[in-house]
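Every chain is numbered from 1 and lettered A, B, ... according to where its sequence line falls, protein lines coming before strand lines.
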Amino acid sequence: MAFGKGCHLHLIDGSAFIFRAYHALPPLTRKSDGLPIGAVSGFCNMLQRYVEGNVGGDVTHVAVIFDKGSHTFRNEMYDQYKANREAMPEDLRPQMPLTRDATRAFNIACEEIEGFEADDIMATLARQAREAGGACTIISSDKDMMQLVGDGVVMMDAMKGNKIIDTEGVHEKFGVGPDRVIDVQALAGDSVDNVPGAPGIGIKTAALLINEYGDLETLLDRAEEIKQPKRRQTLIDNRAQIELSKRLVTLDDTMDLPFTLDDLEVRDPEPDVLLEFLAQMEFRTIVKRVSEKLGVEAPVIEETSADVAQDAPEQPPFDAEKYEWLKDATALQSWIDRIYARGYVAVDTETTGLNEMVVDLVGVSLCVEAGEACYIPLTHKGGTADDLFGNDELAKDQMDFEACLAILKSMLEDDSILKIFQNAKYDCKIFKRLNIDVAPIDDTMLMSYAMNAGTHRHSMDVLSESYLGHTPIPIKPLLGTGKSAITFDRVDVAEAVKYAAEDADITLRLWELLKPQLHKKQVTSVYETMERPLVPVLAKMEMSGIKVDRDTLSRMSNAFAQKMAGLEDELYELAGHKFNVGSPAQVGEILFDEMGLEGGKKGKTGKYSTGADILEDLATEHDFPARVLDWRSLSKLKSTYTDALQTHINAETGRVHTSYSITGANTGRLSSTEPNLQNIPIRTDEGRKIREAFVAEEGKVLVALDYSQIELRILAHVAGIETLKQAFRDGHDIHAMTASEMFNVPLDEMTSDVRRQAKAINFGVIYGISGFGLARNLRIPRAEAQGFIDRYFERFPGIRTYMDDTVAFAKEHNRVETLFGRKIHTPEINAKGPQAGFAKRAAINAPIQGTAADVIRRAMIRMDDAIAHLPARMLLQVHDELVFEVDKDAADDLIVAAKNVMENAANPVVKFDVPLVVDAGIGATWAEAH
DNA sequence: AGAGTCACG
DNA sequence: GACGTACGTGACTCTG
């Protein structure tokens, strides 16, 4: 078919696909010869997904366009063009020709031309398509391509869920239409491509100028008229450079191409060719998927020798039909025999929900060898998914619950059998409630966290996708959504077998893959001493829960409600009408439009910002913002704490059981959910009262132990600041000390205000301080804040050195480390955009926050044994604090024992130059104990 | 679903 | 007057 009206051309930016694939995937190698093929694998996955997504679509022509060579006509114009590009990574280079082969294997046109960038080829093709009366979609997120949009040409951003960027989208990005994009780019320049532009002018200013003068040429001709002197001079002085920049960013859409649009017609892949290529690359998962889609037999991929394949054992394809439905004790016994012959087993539980303190066990799946897994349904109901009031009789062909558990118990508790889980804490708690103490264990989620914290999350879906190239069967279609959702015990057993057994299968495969990598990445000791042992400790704490007094909360709730109602009336009065106080948008309108107050700033969504800092500034002059702040504070306390907390009181235990996430924070900190007990108020008196609802049982007390200034102590140690270390050894007030050093004020003449400022700086340093940030925090002029920082670094040069060294390490290794060897990855550290700034500060903070997290983890792991002889249990962890419940008369003993563990938690691995000090408090409530 | 806000260390 | 700007979290509410 000749390209013309009604035709639709897709142009895929090949380089973008490759780089995305390269960075998204771990460095995979071909098993037979070790050839790096991670990027090719991801590239093929993306092409396959692209092809699948277009079945039945209106695309008639398609091509993948690549860059060829690094020297283009733009380098002739300007030798610095793209000169700041980093060299291509070593393991990516050999993959480049393979991506071309892959494209051809998919039977998609593959084009590149020496001396031109892919962008120019795409520009030319887009113009040709437009002139022929057809449509064109450019699949790329490169903003350089935005000049092509309009008249039937759009862009599609594959990174952002195939978001379509049309003329309006271009306007959002550049503030001008597609026809003026190059004018804006010429002025703003581009640090990524090293296009100079006009110094000091960015996209915002550039768009402003272009919109005012119409186009770049007019602007430059009339530059003398610009009011702002600096801007005027910049444009006059840099005219040549700006004009050069425009030539650099302008795509050449008039190339002579050795092919025509007609050559790009969509062709179905030829199964033989495609599969042969994929098999040659040894992409087992894609081979399987493609052969299924095309309805042909998958080619056999040669087995590789065992010594090469050690790290990544040969994997049979996933086949849900092969999973076994265990129906009786005989069948189970034969699985138990297999497990004993192996010495390990992957286990997964299915339950009626996600809250492991409430839900019931529905079934158990086991896997001893990749591809071979079983599911033991136990309490599935007879009714089907459609049968809403389905009978509660048990479905057929299920083992007796007690009989099954009795058999499993002896295996799960057997020292000689390793039980492998993905997120072991969940399953261990389910079993613990059934009186089964699972041990020993391994946890693939924690392995992934130990190796790759910071690079990706660690859920089964993510791990399966990135390490096995397999998308697990989704649970949604089985359970449904919204009101009609059912629990797993109502899922048809045959379907449940496939889903549940697959989870065990995936877990086992992940374990086989990840376990040997722990050593290579040198995190075995992190995993074995700070991740895995935490599982039983946290499981026990979570199951203990903490007693929360419902009446106290309920009374507070009512009081808050009354106060809020009063404030609402006052606010309506002040505004002159009713409105929703909880709506920031409405509050903003009233403040800045209706009342006409100064200082209204609109964010990206076009709404006024009404955050506490802004309202606080206004509150000194006006009642309205002050009342809104009061209302918000009450609303927060009521909805998040006094109301929500009550719903979390467990009906059976009368206590609140949080769930800690071991992998929730990249730094090694825990996080707490449902409910979050790590953010219970304390900073205001009113909020602090919430802690009065956290109580000890009759005859017992709560004990709170917290590390004093642990992060600053760690900073003093790692940066080697003798003055600060000595101050800690002498037990001095560290903030006063800092103030004294910085401002040359003797300690006995210190004012609280000076101390407060020093404290802010001390904390700021831990966070990767900036003059702007400190200025905002202290509400002082920026220059003054910068002065403080300069003086701080002058006085403590070791801290500057530490920060520089840490950032340099991160840039070289893409990660930082804690003193205990925990690795925290900082993948954005070498990025070009503003992400790099965030990554830099995160890199500075991570070793400090992470080392503190490691210390308390070590304390928690040792705590069980240390307090075993006492009538006490550990209930909560709040980053630098542990909360215990203990018999009244044993409280003092507990404090001695627990304090000892905490203060010595770093030993013997790390010998701190500063003492770790722990403060203790006792009380009937958490408020008193703190 | 995402943004805004605010609670904690 | 390029941009944005202190680290790490989770829950609730409004809004499109």
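Between the C1' atom of C:dC7 and the CG atom of A:Leu715 lies a distance of 13 Å, rounded to the nearest Å. Per the geometry, CG belonging to A:Asn679 stands 7 Å off C1' belonging to C:dA11, to the nearest Å. Between the C1' atom of C:dC12 and the CG atom of A:Asn676 lies a distance of 12 Å, rounded to the nearest Å. Taking atom CD of residue A:Gln835 and atom P of nucleotide C:dT5, one finds them 13 Å apart after rounding to whole Å. Between the CZ atom of A:Arg457 and the P atom of C:dG8 there is a distance of 12 Å, rounded to whole Å. Across the protein-nucleic acid pair, A:Trp926 atom CH2 and B:dA7 atom C1' stand 12 Å apart, rounded to whole Å.
For A:Gln586 and C:dT15, the shortest distance from a side-chain N or O to OP1 or OP2 is below 4.0 Å. When the side-chain nitrogen and oxygen atoms of A:Ser671 are compared with OP1 and OP2 of C:dG10, one or more of them lie within a distance under 4.0 Å. Listed pair A:Ser583 / C:dT15 meets the phosphate criterion, a side-chain N or O lying under 4.0 Å from OP1 or OP2. Under 4.0 angstrom from either OP1 or OP2 of B:dT5 there lies at least one side-chain N or O belonging to A:Thr610. The shortest distance between the side-chain N/O atoms of A:Arg683 and the OP1/OP2 oxygens of B:dC8 is below 4.0 Å.
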Enumerate, atom names and distances included, each donor-acceptor pair closer than 3.5 Å involving a side-chain atom of residues 838-847 of chain A, sequence neighbours excluded.
{"unit_1": "A:Asn845", "atom_1": "OD1", "unit_2": "A:Gln849", "atom_2": "NE2", "d": "3.2"}
{"unit_1": "A:Asn845", "atom_1": "ND2", "unit_2": "A:Ile766", "atom_2": "O", "d": "3.1"}

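Note on residues 760-785 of chain A: pairs passing ring-ring contact (aromatic ring centres under 6.0 Å, His included), not counting sequence neighbours, are A:His735-A:Phe763.
Taken together, the paired segments of DNA chain C that extend over three or more consecutive Watson-Crick or G-U pairs, each closer than 3.5 Å at both contacts, are B:1-9 with C:7-15.
A heavy-atom distance below 4.5 Å is found between the side chains of A:Arg632 and A:Leu615.
Judged by atom type and distance alone, A:Arg782 reaches the base of C:dT5 through a side-chain donor-acceptor pair under 3.5 Å. The base of C:dG1 has none of its N or O atoms less than 3.5 Å from a complementary donor or acceptor on the side chain of A:Arg231. Residue-to-nucleotide contacts include no donor-acceptor pair under 3.5 Å from the side chain of A:Arg841 to the base of C:dG4.
Aromatic ring centres of A:Tyr792 and A:Phe796: separated by under 6.0 Å.
Listed nucleotides: C:dT5, B:dG9, C:dT9. Nearest to the side chain of A:Ala665: C:dT9. In the set C:dG10, C:dT9, B:dC8, the nucleotide with an atom closest to the side chain of A:Pro681 is B:dC8. Here the side chain of A:Ile682 is nearest to one of B:dC8, C:dG10, C:dT13, namely B:dC8.
Residues meeting the ring-ring contact (aromatic ring centres under 6.0 Å, His included) test with A:Phe694, sequence neighbours left out: A:Trp926. Residues meeting the side-chain hydrogen bond (donor to acceptor under 3.5 Å, both in side chains) test with A:Tyr213, sequence neighbours left out: none. For A:Phe579, the ring-ring contact (aromatic ring centres under 6.0 Å, His included) partners two or more places apart in sequence, or in a different chain, are A:Tyr572, A:Phe624.
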